[in-house]
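Report on the following structure.
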Amino acid sequence: MGGHRNFIKGGGFQEYLYHREGDIKYIDGKRVEFISKYGDKDHHAGLPYYSDTSDVYLKIKHNGDHAETAIVYKDRKAILEFDWGHNHKGKNGSPDFSEGTVHVHELENHDGMVVRSKKQPRYMSSKEMKEYGDIIHYADPNAKMR
């Protein structure tokens, strides 16, 4: 679990920036882990954009009672970020999201760097709710999909 500079395409990382908290879970056929960062360096405050072995990583909220963010990976690279741990003010006609309501950031890979697409956050699609809703409710039973 780490950043693009430490990513080894065949598996693993040169340096691990995160560690697992608790047990690995399998939910709807996906490997899911709660993780937290090593140390307090600001350069990796969120979740990693590259996975080691899991399909979904969950970030524990600062008070430790549930998660606030999930990142979904395909071929070890982040493709979607589900976030419900803060208010999000919409821009250019996109909706506002209150804390506790999931908003989705689409992620893209550009020359080895995973970045948020320029699109504004959006609500979860029906397909995403079906595919990832159980994982989000496992992470935080009070999270709202819409």
Side-chain angles (χ1 to χ4, degrees), residues 1-7 11 13 16-146:
M1 300 164 276
H4 75 281
R5 291 187 180 109
N6 294 314
F7 180 70
F13 293 88
Y16 283 80
L17 302 175
Y18 300 83
H19 60 94
R20 184 177 70 237
E21 298 281 343
D23 296 330
I24 296 167
K25 299 288 185 192
Y26 288 88
I27 302 171
D28 295 335
K30 293 173 183 58
R31 182 180 164 130
V32 178
E33 294 181 53
F34 280 100
I35 64 170
S36 60
K37 65 181 181 171
Y38 287 116
D40 58 2
K41 294 179 182 176
D42 290 337
H43 71 279
H44 64 286
L47 286 168
Y49 285 146
Y50 290 87
S51 167
D52 194 4
T53 55
S54 286
D55 301 305
V56 179
Y57 286 142
L58 302 166
K59 179 183 175 190
I60 299 170
K61 194 168 175 102
H62 67 277
N63 63 12
D65 65 349
H66 61 274
E68 62 182 355
T69 306
I71 291 195
V72 177
Y73 301 86
K74 180 178 181 185
D75 299 327
R76 299 182 58 212
K77 295 174 185 165
I79 59 169
L80 293 172
E81 180 179 10
F82 299 119
D83 196 348
W84 61 95
H86 64 271
N87 292 324
H88 187 92
K89 180 81 172 151
K91 297 177 185 172
N92 301 326
S94 67
D96 293 341
F97 297 91
S98 61
E99 183 174 346
T101 301
V102 178
H103 59 275
V104 180
H105 293 280
E106 295 179 19
L107 305 171
E108 300 172 346
N109 190 302
H110 293 282
D111 299 324
M113 294 285 294
V114 176
V115 296
R116 287 182 176 170
S117 72
K118 293 182 182 179
K119 298 176 187 172
Q120 292 295 319
R122 59 173 174 77
Y123 285 102
M124 293 180 77
S125 68
S126 295
K127 180 180 176 186
E128 289 165 343
M129 285 190 278
K130 183 176 181 179
E131 191 167 352
Y132 301 106
D134 289 345
I135 294 170
I136 291 172
H137 281 142
Y138 161 73
D140 181 355
N142 297 315
K144 296 176 274 196
M145 305 295 154
R146 287 194 188 155

Roughly how far, to the nearest 0.5 Å, is the [atom2] atom of [Y] from the [atom1] atom of [X]?
{"X": "I136", "Y": "W84", "atom1": "CD1", "atom2": "CH2", "result": "5.0 Å"}
{"X": "R20", "Y": "T53", "atom1": "CZ", "atom2": "OG1", "result": "8.0 Å"}
{"X": "I135", "Y": "K25", "atom1": "CD1", "atom2": "NZ", "result": "13.0 Å"}
{"X": "L107", "Y": "K77", "atom1": "CG", "atom2": "NZ", "result": "13.0 Å"}
{"X": "E21", "Y": "E33", "atom1": "CD", "atom2": "CD", "result": "10.5 Å"}

Where is the tightest heavy-atom contact between [X] and [Y], given as atom of each residue plus distance?
{"X": "S126", "Y": "R146", "answer": "N-NH2, 3.4 Å"}
{"X": "P121", "Y": "P95", "answer": "O-CD, 4.4 Å"}
{"X": "S51", "Y": "Y57", "answer": "OG-OH, 3.5 Å"}
{"X": "A139", "Y": "H66", "answer": "O-CB, 3.3 Å"}

Please enumerate all residues that pass side chain to side chain donor-acceptor pair (under 3.5 Å) together with [X], with sequence neighbours excluded.
{"X": "T69", "result": "D83"}
{"X": "D55", "result": "none"}
{"X": "Q120", "result": "none"}

Pairs involving residues 130-140, ordered by first then second residue, that meet salt bridge (charged side-chain N to carboxylate O under 4.0 Å, His left out) (sequence neighbours left out):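 Only K30-E131 qualify under salt bridge (charged side-chain N to carboxylate O under 4.0 Å, His left out).
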
With H137, which residues qualify under side-chain contact (heavy atoms from CB on, under 4.5 Å), at least two apart?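 Partners of H137 by the side-chain contact (heavy atoms from CB on, under 4.5 Å) criterion, ordered by chain and then number, come out as M145.
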
For I79, give me all partners under side-chain contact (heavy atoms from CB on, under 4.5 Å), at least two apart in sequence or on another chain.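 Residues passing side-chain contact (heavy atoms from CB on, under 4.5 Å) with I79: V72, K74.
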
Just to verify, what does F97 make a ring pair (Phe, Tyr, Trp, His ring centres under 6.0 Å) with, not counting sequence neighbours?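 Ring pair (Phe, Tyr, Trp, His ring centres under 6.0 Å) list for F97, sorted by chain: H103, Y123.
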
In terms of relative ring orientation, are H88 and H105 parallel, tilted or perpendicular, with 30° and 60° separating the classes?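 If you compare the ring of H88 with that of H105, the planes turn out perpendicular.
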
Relative to the ring of F34, is the ring of Y138 parallel (under 30°), tilted (30 to 60°) or perpendicular (over 60°)?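 Tilted, since the angle between the ring planes falls between 30° and 60°.
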
Does [X] have any salt bridge (charged side-chain N to carboxylate O under 4.0 Å, His left out) partners at least two apart in sequence or in another chain, and if so, which?
{"X": "R122", "answer": "E106, E128"}
{"X": "E99", "answer": "K61"}
{"X": "D96", "answer": "K89"}

